[in-house]
Amino acid sequence: MNIGIVTTWFERGAAYVSRQFEEVLEKENNVFIFARGGEKYAKGDPNWDHPNVTWSTRCDRLVLMSFLKEEFVKWVKDNSIELVIFNEQRYYQPLLWCKDLNVKTVAYIDYYTEGTLPLFRAYDALICNTKRHYMAFESFGNAYYVPWGTNVDLFKPKGDGLVRKNVVTFFHSGGVKPTRKGTDVFIEALAGMKNDFYAVIHTQSNLKKCFPQLTNTIDNLVKNGKLEIIEKTVPAPGLYYMGDVYVYPSTLEGIGLTIAESISSGLACVVTDNPPMNEFVRQEFGSTIPIDKLYFRSDGYYWPKCHCNVNALSRILDEYAANPDMVADKKQKARSYAEENLSFDKNTSNLSELLKNVSLKPETDELRNMINRYDRRGKQLLHPLFIKLGLYKYIQRNRY
């Protein structure tokens, strides 16, 4: 089958999701990438710019995640595409274009609001990689739960035992958005610890600019030889080999790619006690952090954000720091668990068959009108006056 994937396509979590789908599906199918706009393009980057990639003309500054109809239709026709997988698509006109071309549509489920949830009925199938997403869409009748995993051959331990003799090293990935990853909570928890430790934070953003209130705390931890900050983009398999325990007090995740990657890399894991983060962690190799509060994001994302209890995290980390042998044992159990449960190849072994059996749903006027109404409203809200007055985000989350 000829399968297309519409996605951002550069060094970013969402693109790695698409890449994992590509790698699994190309074993039995021809896979083509339609690289739509995102924070940037990766044109000319040998890691991303491959012969099966078509780079769309950037126009998503007008409508978020949009692209030109003529380019998309040409891509579909030139490659005889039979089914398109959309990754985090928030512009729904392409679903109607596919309907007009008798091309089946599938969504990888990640971003949705209470208002956009009904629009997903327009897809012919929905792939849910977490139990939480599946719970939201199970009643639709076209949703499939495909447990998430990672490349266990790429993400694997580099050695046995602890990274540093008798000292536990905590590792955290702040990514592009440390504010969402709970990086501030991790830093505050480190400052409250009593036992000896070492910590490494990998980030793609300047932490002092993200958290100016923590500047002195960061400086003290670095000065005292407790914290190392690495600010740069690192391709997979990343820097997990630098730590013993992955600490991820994230406020919100669609999946939480780094959790599966860290477990596969043989790290014990400490994550927020909220789905989907806690879906991946078991007591034999990890711990969960109690949360203080739940609150909703400004864009109206369907699931609430959460905030971890800093003092509870300090106590958890102190327990790990005081028990290096326990940590070494958890590291081994983490890798064993990943080999058994987190292989993306294993977990998606029936994905090609699933997609082959997807049926083209009959179009209804109700769904077409719903999509047209939603996308038309989106264009209106991007009027410069709305943006200037700061009303865009408020109306955007209430627009359906």
### Message
Closer than 3.5 angstrom, by distance alone: can the side chain of Gln89 be matched with the main-chain N or O of Met65 as a donor-acceptor pair?
### Response
yes

### Task
Check whether the side chains of Ser18 and Asn87 place a donor and an acceptor atom closer than 3.5 Å, and report yes or no.
yes

### Message
Centre-to-centre under 6.0 Å for Tyr295 and His307, is that the case here?
### Response
no

### Presence of salt bridge, Arg315 and Glu319, under 4.0 angstrom
no

### Query
Distance-only, no hydrogens or angles: does the Tyr16 side chain make a donor-acceptor pair with backbone N or O of Ala236 under 3.5 Å?
yes

#### Entry: Donor-acceptor pair, side chain of Lys330 and main chain of Gln283, under 3.5 angstrom
yes

### Query
Just checking, any donor-acceptor pair under 3.5 angstrom between side chains of Arg58 and Tyr41?
no

### Query
Between the side chains of Thr113 and Asp299, does any donor sit under 3.5 Å from an acceptor?
no

#### Entry: Sole candidate of Asn216, Asp219, Thr215 that passes side chain to side chain donor-acceptor pair (under 3.5 Å) when paired with Lys208
Asp219

### Task
Give a yes or no answer on whether the side chain of Asn52 reaches the backbone of Val31 with a donor-acceptor pair at less than 3.5 Å.
yes

#### Entry: Nearest non-hydrogen partners of Trp148 and Ala260, listed with the distance
CD1-CB, 4.2 Å

### Query
Which heavy-atom pair separates Thr130 from Tyr145 by the least distance, and what is that distance?
C-CE1, 3.6 Å

### Message
Which heavy atom of Thr57 sits nearest to which heavy atom of Leu68, and what is that distance?
### Response
CB-CD1, 3.9 Å

### Message
Are Phe140 and Tyr123 an aromatic pair, judged by ring center distance below 6.0 Å?
### Response
no

### Task
Measure from the ring center of Phe171 to the ring center of Tyr248 and say whether it is less than 6.0 Å.
no

### Close aromatic pair by centroid cut-off 6.0 Å: Phe67 and Phe34
yes

#### Entry: Pair Tyr320, Ser287: side-chain N/O donor-acceptor within cut-off below 3.5 Å
yes

### Query
Which heavy atom in Pro276 sits nearest to a heavy atom in Ile255, and how many Å separate them?
CG-O, 3.5 Å

### Query
Can we say Lys99 and Asp124 salt-bridge, meaning some charged N sits less than 4.0 Å from an Asp/Glu carboxylate O?
yes

